[in-house]
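The figures that follow rest on heavy atoms only: side chains count, while hydrogens, waters and symmetry mates do not.
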Amino acid sequence: SQPPLGLSLYYSEKKYIEAYMDCIKNESKNFDIKIHNIYPKTMITNFTKDLSSEVISRLKENNEMVDVDAVAKQITWHLTH
């Protein structure tokens with residue numbers, strides 16, 4: 001039950017991007033610029049496509065997996081509201 005190789009890198013990169021964008025968002029407030037960041041859960045991408053079916057099943061069971069369409073809908077909503 002070892003995590004797949006590269007999964008920790010995937011999550012650490014996601015967290016880095018989240019922290020970086022939070023800084024940008026806070027700095028932009030001074031210029032009256034609003035930023036809406038969307039941080040999707042784990043998605044099947046070229047980076048994660050080789051995860052074992054066991055890992056994917058576990059992510060789905062724990063509600064930690066999202067598909068691209070769901071993220072696209074969320075982005076569309078933010079762009080239109």
Side-chain angles (χ1 to χ4, degrees):
S1 68
Q2 294 288 330
L5 188 61
L7 195 59
S8 60
L9 178 62
Y10 174 79
Y11 285 117
S12 63
E13 290 291 333
K14 281 186 69 163
K15 289 299 179 185
Y16 166 78
I17 291 169
E18 287 179 25
Y20 175 74
M21 289 308 300
D22 284 344
C23 289
I24 296 295
K25 182 177 181 178
N26 287 334
E27 291 177 5
S28 298
K29 288 178 185 177
N30 295 330
F31 302 101
D32 203 27
I33 298 171
K34 292 182 181 180
I35 296 175
H36 297 279
N37 298 320
I38 297 174
Y39 305 117
K41 298 176 181 181
T42 305
M43 298 186 335
I44 297 298
T45 63
N46 285 338
F47 188 79
T48 59
K49 68 181 179 186
D50 295 328
L51 292 176
S52 70
S53 58
E54 176 186 316
V55 171
I56 291 173
S57 294
R58 194 170 357 137
L59 289 169
K60 287 179 179 179
E61 287 172 9
N62 294 330
N63 196 29
E64 296 175 12
M65 182 72 85
V66 67
D67 63 15
V68 175
D69 290 337
V71 176
K73 286 178 185 176
Q74 190 176 14
I75 292 169
T76 301
W77 186 88
H78 279 287
L79 291 173
T80 58
H81 288 85

Applying side chain to side chain contact (heavy atoms under 4.5 Å, CB included) between T42 and each of V66, N62, L59, report the one that passes. L59

Derivation of the side-chain contact (heavy atoms from CB on, under 4.5 Å) call for K29 and I35: CA-CA 9 Å; K29 288 178 185 177; I35 296 175; over 6 Å; no

Does [X] belong to the same Ile/Leu/Val/Met/Phe/Trp/Tyr cluster as [Y], with side-chain heavy atoms less than 4.5 Å apart forming each link?
| X | Y | value |
| --- | --- | --- |
| Y39 | Y16 | yes |
| L9 | Y20 | no |
| M21 | L79 | no |
| I44 | V55 | yes |

Roughly how far, to the nearest 0.5 Å, is the [atom2] atom of [Y] from the [atom1] atom of [X]?
| X | Y | atom1 | atom2 | result |
| --- | --- | --- | --- | --- |
| S8 | E13 | OG | CD | 10.0 Å |
| I17 | I24 | CD1 | CD1 | 12.5 Å |
| D69 | T76 | CG | OG1 | 10.0 Å |

In plain terms, say whether K14 and E18 are close enough for a salt bridge, that is, a side-chain N and a carboxylate O under 4.0 Å apart. no

Around atom OH of Y11, are there more than 12 heavy atoms from other residues, nucleotides or ligands closer than 6.0 Å? yes

What's the shortest heavy-atom distance between I56 and M65, and which atoms? CG2-CE, 3.8 Å

Check whether any side-chain heavy atom of [X] lies under 4.5 Å from a side-chain heavy atom of [Y], and answer yes or no.
| X | Y | value |
| --- | --- | --- |
| P40 | M43 | yes |
| I38 | W77 | no |
| N37 | K25 | yes |

